[in-house]
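Notes follow once the structure below has been shown.
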Amino acid sequence: MRPEAQVIPLNTDAADRLAQDQAGFDHKVASVLRFLRRRLAGEYEIDEFGFDPELNEGLLLPALRPLYERWFRVEMFGMDNVPGTGSALIVGNHSGTLPIDGVMLQVGLHDHHPAHRNLRLLGADLVYQIPVLAHLARKSGHTLACQADAARLLAKEQLVGVFPEGFKGVGKPFSERYKLQRFGRGGFVATALRAQVPIIPCAIVGAEEIYPKLADLKPLARLLGFPYFPVTPTWPLLGLLGLVPLPSKWMVAFGEPIRTDEYDPAQADDHMTVFNLTDQVRETIQNMLYDLLRQRGPAFFRA
Amino acid sequence: MVLVTGVSRFLGARVADTLQADPSIERVIGVDTVAPTMPLGRTEFVRIDIRTPSIAKIVNAAEVDTVVHLNLVTMTSGARVKAKELNVIGTMQLLAACQRSAAMRKVVVRSSAAVYGSSGYDPAVFTETDEPVLPPASGYAKDAVEVEGYVRGLARRRSDLTVSVLRFANFLGPHVDSPLSRYFHMPLAATVLGFDPRLQFVHEDDGVEVLRRMAVEDHPGTFNVAGDGVVLLSQALRRAGRPILRLPAAALQTLGDVGRRFGGLKGFSPELLRWLTYGRVIDTDVLARELSWRPKYSSEEAFADFADSQGLGQGLPLELFDRLTSVVGGKR
């Protein structure tokens, strides 16, 4: 008797694993093919805003994930302040010349929130004029920043995100980084009051450094119809290569929800209440930003 | 005593047919400028031009108490001036007759969701009280806005009338022949590069049912009418099995102009192009509450019924895909 008996089980083990790998691979291929076929046949559903959850999870989020995980190494804090169900209004600081912060926030909430929530952002109307961007924004669940759309989303138990600074925030020069700009006219507070949903302050650190805006070519911006035409250390100097964002380290924190159900919905029309609440939200985010900045330290060369 | 305008066209014929089957309605009179193509049952057809005062004579002579105005011409077959006259002047004449008539009780007007316009600045969903962000500047959409204006004027002057205005989404169904249905029949569907509009459809049966309810019951006000849910243009084209050709907006506009002039592509209008770029979604909750009724067909089902009965669907791309995957799968 030769001691082959010991060898044989090892072999079957390996064969098993191989077969399993093969089955796993086949399964993956089959699911990709099924996905493709459904897309090709138009067999998927969207909501009235044009949100296409299947495309979002199958294609758009996976495309953004490397940017989130590898490039910016985003860390999320205070995720338990974001409710697992029901509507809430996330209010964040806006920065980065291009609104990549919103997209990263979306990836983070989807991937790292226990309820895998879809963030529905309220974007500038410029987004909905630009080909490709217009329909991709809608398909990944976002819509136009207007009172009607915000109220409609909140009424549907959605998690809505808004950057009240708008272009003033996203397009501010690098020298003013992490200084919150004016929070519009507080329209977001009025909307939250009317819908009686909590406001969740959110601080995003890291987006300021991705495209440091050193100058603004205003005449060119006017010519193209953009709110600004940025000059960064790499753009337009290096051409398309200048569009690659700098790999800064990102940290995102959610603060404690600010309740609005203690107010009367009618107070949405009371400017004093709205301004006070707006200031409260703004100060909270500014303080969170300072804390988070201290915690992060230098923007680059950090894991 | 019901008067139906635009009776020789599809929607008018369907509504007249439904109303004449209702025994509680004594007489149904249908008017249009051309002879009807479908049998109208006991509906009495009168061939007149509603742009002329002769419409008042009929209204008075027959003691009409309900007018169902379905004359809005949405298919501009080249003669845009004529369509505009029919839409606007026709409505003015008709409403003038209604205002004078002592027997008149109810006016039901077919309008279009196109009154909301279509732009990238629009809110995601329009309700009846929303104003258009960019009002339509041309075509039947502008006519509809003007028609609604005159109807509001009538409602103000004759507050005893029940006036219902219905803003319909685009009709689809087995028998619909419109610029849109023709678009879906084109061998190659041109779309605007970089845009994928959200569309809504209303099934012909649902549209007729809403008009019937409005004619026999009292529901004053303005109502949006559309199937539930939303369909993307790309999705609709894929379901209809149409190959998609994406073109920049300017190229598509030129193509549309050429097609209109030489290719018999009636009604590939600037409004349609805007709609195919930005789309439009309307909220139908007010109607659902008023009638305690939901459309039988969602937008998706209306499209499916249209595509199935007009022989669309299962196009080349999907067939290729299935054949390819089965060949590759077979080799395994």
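Lettering follows sequence order; numbering is per chain, from 1. In this text, all values refer to a predicted model and were calculated from it rather than measured experimentally.
- Between chain B and the residues A:His135, A:Arg39, A:Glu45, A:Lys139, the most heavy-atom pairs under 4.5 angstrom are made by A:His135.
- Minimum interatomic distance between A:Tyr44 and B:Arg239 (heavy atoms only, all atoms of both residues): O-NH2, 3.1 Å.
- In this structure, chain A has a heavy atom under 4.5 Å from the backbone of B:Val231, while its side chain stays farther away.
- Contact of B:Thr277 with chain A is not made at all, since no heavy-atom distance falls under 4.5 Å.
- Residue B:Arg246 qualifies as open at atom CZ: its count of foreign heavy atoms under 6.0 Å is 12 or below.
- For residues 142-158 of chain A, a heavy-atom distance under 4.5 Å to chain B picks out A:Thr143, A:Leu144, A:Cys146, A:Ala148, A:Asp149, A:Arg152, given by residue number.
- Looking at A:Leu136, there are no atoms closer than 4.5 Å to chain B (heavy atoms on both sides), in backbone or side chain.
- Near-neighbour residues of residues 195-204 of chain B relative to chain A, defined by a heavy atom under 4.5 Å from a heavy atom of that chain, comprise B:Phe195, B:Asp196, B:Arg198.
- Residues A:Ile46 and B:Leu232 have side chains in contact (heavy-atom distance under 4.5 Å, counting atoms from C-beta outward).
- Under a 3.5 Å cut-off, the side chain of A:Glu48 and the backbone N or O of B:Gly229 do not form any donor-acceptor pair.
- Other residues, nucleotides and ligands place no more than 12 heavy atoms under 6.0 Å from the CZ atom of A:Arg185.
- Within a 6.0 Å radius of CG in A:Leu240, no more than 12 heavy atoms belonging to other residues, nucleotides or ligands are found.
- Summarising the local packing, NE2 of B:His185 is surrounded by more than 12 heavy atoms from other residues, nucleotides or ligands at distances under 6.0 Å.
- The minimum heavy-atom distance linking B:Gly120 with A:Tyr128 is given by the pair O-CB, 3.5 Å.
- Heavy-atom distances place the side chain of B:Val281, and not its backbone, under 4.5 Å from chain A.
- The structure places CG of A:Leu55 at 11.0 Å from CD of B:Gln235, a figure rounded to the nearest 0.5 Å.
- When heavy atoms are compared at a cutoff of 4.5 Å, B:Asp122 approaches chain A solely by way of its backbone atoms N, CA, C and O.
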